[in-house]
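Since the structure comes first, as structure tokens, the remarks are kept for the end.
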Amino acid sequence: MLELNVNGRAHRIDVEPEMPLLWALRDHLNLPGTKYGCGVSACGACTVHIDGQAVRSCTLPVAQGVGKRIVTIEGLSQTGLHRIQQAWIEHEVPQCGYCQPGMMMSAAALLAANPKPTDAEIDAAMTNLCRCGTYARVRKAIQALAAASGASTGAKS
């Protein structure tokens with residue numbers, strides 16, 4: 001049995017320690033917002049936060065999440081839409097939407113670490129792939145959040 005702290009809740013799951021965290025989240029904890037895209041940590045659809053850092057979960061052994069705070073897109077906000085999710089809606093970011101949970105998790109980690117990133121810093125941090133090509137709208141949403149002052153953009157756990 002492995003013990004995980006996911007979205008602020010303790011969970012015990014009986015899985016092999018080498019299982020990718022992605023599958024533990026989706027198949028054992030019923031958190032389907034974290035998506036499978038490539039299986040090699042290249043696309044970012046599987047991005048979650050581990051202790052506040054954006055991490056690709058498709059190749060990370062679940063055992064590496066033990067004793068850490070894991071946040072998925074479902075836990076980004078405990079009280080409705082997170083301001084990043086609201087910015088995505090306001091700037092009409094998604095097309096198909098498949099990659100967007102990972103994009104939002106990457107954006108949340110970026111803004112938590114750097115509340116006012118430059119375009120170059122946004123481009124460097126947002127390495128998630130989007131087949132629909134929503135990159136310009138992603139940047140606009142992040143720029144809008146950076147321009148807004150006050151509220152935190154980081155994930156709550």
Side-chain angles (χ1 to χ4, degrees), residues 4-11 20-26 28-38 41-60 62 64-65 67-157:
L4 299 176
N5 178 332
V6 181
N7 299 332
R9 293 185 52 214
H11 298 273
L21 177 60
L22 169 67
W23 300 118
L25 295 171
R26 288 182 60 82
H28 295 273
L29 297 180
N30 195 31
L31 295 168
T34 305
K35 306 296 186 201
Y36 174 81
C38 67
S41 290
C43 75
C46 66
T47 302
V48 299
H49 293 176
I50 297 184
D51 289 342
Q53 300 296 312
V55 175
R56 310 276 168 98
S57 65
C58 69
T59 57
L60 184 76
V62 68
Q64 289 189 24
K68 299 183 176 159
R69 289 178 306 112
I70 301 166
V71 178
T72 69
I73 190 71
E74 292 90 349
L76 193 58
S77 173
Q78 302 299 319
T79 58
L81 288 180
H82 187 277
R83 57 181 270 166
I84 288 176
Q85 293 166 314
Q86 188 62 44
W88 253 236
I89 293 166
E90 289 170 8
H91 293 276
E92 300 178 345
V93 173
Q95 280 188 11
C96 83
Y98 193 84
C99 67
Q100 296 307 311
M103 287 270 201
M104 286 185 266
M105 295 304 288
S106 292
L110 166 64
L111 290 167
N114 182 358
K116 302 254 183 218
T118 64
D119 285 349
E121 291 167 330
I122 293 169
D123 292 345
M126 297 302 295
T127 59
N128 301 55
L129 300 178
C130 174
R131 291 181 62 118
C132 300
T134 64
Y135 304 112
R137 292 192 306 265
V138 165
R139 185 185 296 133
K140 280 185 178 184
I142 293 170
Q143 289 167 335
L145 288 165
S149 60
S152 169
T153 57
K156 299 174 186 174
S157 61

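Ala147 approaches Lys116 most closely through the heavy-atom pair O-NZ, 3.8 Å. Contact between Gly52 and Ala109 at its shortest, heavy atoms only, is O-CB, 4.0 Å. Across Ser106 and Thr47, no two heavy atoms sit closer than the pair OG-CG2, 3.6 Å. When all heavy atoms of Arg26 and Thr34 are compared, the pair lying nearest together is NH1-O, 2.8 Å. Between Pro94 and Gln100, the shortest heavy-atom contact is CB-CG, 3.8 Å.
Looking at Gln78, its side chain does come within 3.5 Å of a backbone N or O of Gly75 through a donor-acceptor pair. Of the possible donor and acceptor atoms, none in the side chain of Asn5 sits under 3.5 Å from a partner among the backbone N and O of Ala10.
Just one of Leu22, Leu25, Val71 meets the side chain to side chain contact (heavy atoms under 4.5 Å, CB included) condition when paired with Val48; it is Leu25.
Rounding to the nearest 0.5 angstrom, the gap separating the CG atom in Leu110 from the CD1 atom in Ile122 is 6.5 Å. The CD atom of Gln64 sits 10.5 Å away from atom CD1 of Ile70, with the distance rounded to the nearest 0.5 Å. Note that CH2 of Trp88 and CD1 of Ile142 are 4.5 Å apart. Values are rounded to the nearest 0.5 Å. Going from atom CD of Gln86 over to atom CG of Leu81 covers 5.5 Å, rounded to the nearest 0.5 Å. Here Leu76 contributes atom CG and Ile84 contributes atom CD1; the two are 6.0 Å apart, rounded to the nearest 0.5 Å. Interatomic distance, OG of Ser77 versus CE of Met104, reported as 12.0 Å (0.5 Å rounding).
The closest side-chain heavy-atom distance from Asn128 to Val138 is not below 4.5 Å. Looking at Gln85 and Ile73, their side chains come closer than 4.5 Å, going by heavy atoms from C-beta outward. Between Leu60 and Ile50, some side-chain heavy-atom pair lies under the 4.5 Å cut-off.
With sequence neighbours left out, Ala42 forms a side chain to side chain contact (heavy atoms under 4.5 Å, CB included) with Cys38, Val40. In terms of the side chain to side chain contact (heavy atoms under 4.5 Å, CB included) criterion, residue partners of Cys132 (sequence neighbours excluded) are, by chain and number, Gln95, Cys96, Cys130, Thr134. For Tyr98, there are no ring pair (Phe, Tyr, Trp, His ring centres under 6.0 Å) partners at least two apart in sequence or on another chain. Listed by chain and number, the residues in a side-chain hydrogen bond (donor to acceptor under 3.5 Å, both in side chains) with Gln143 are Asp119 (sequence neighbours excluded). Applying the side chain to side chain contact (heavy atoms under 4.5 Å, CB included) criterion to Ser41, with sequence neighbours excluded, gives Arg56, Cys58, Thr59.
More than 12 heavy atoms of other shown residues, nucleotides or ligands fall within 6.0 angstrom of atom CD in Glu90.
Applying the salt bridge (charged side-chain N to carboxylate O under 4.0 Å, His left out) definition to pairs two or more places apart or across chains, those involving residues 120-130 are Asp123-Arg139.
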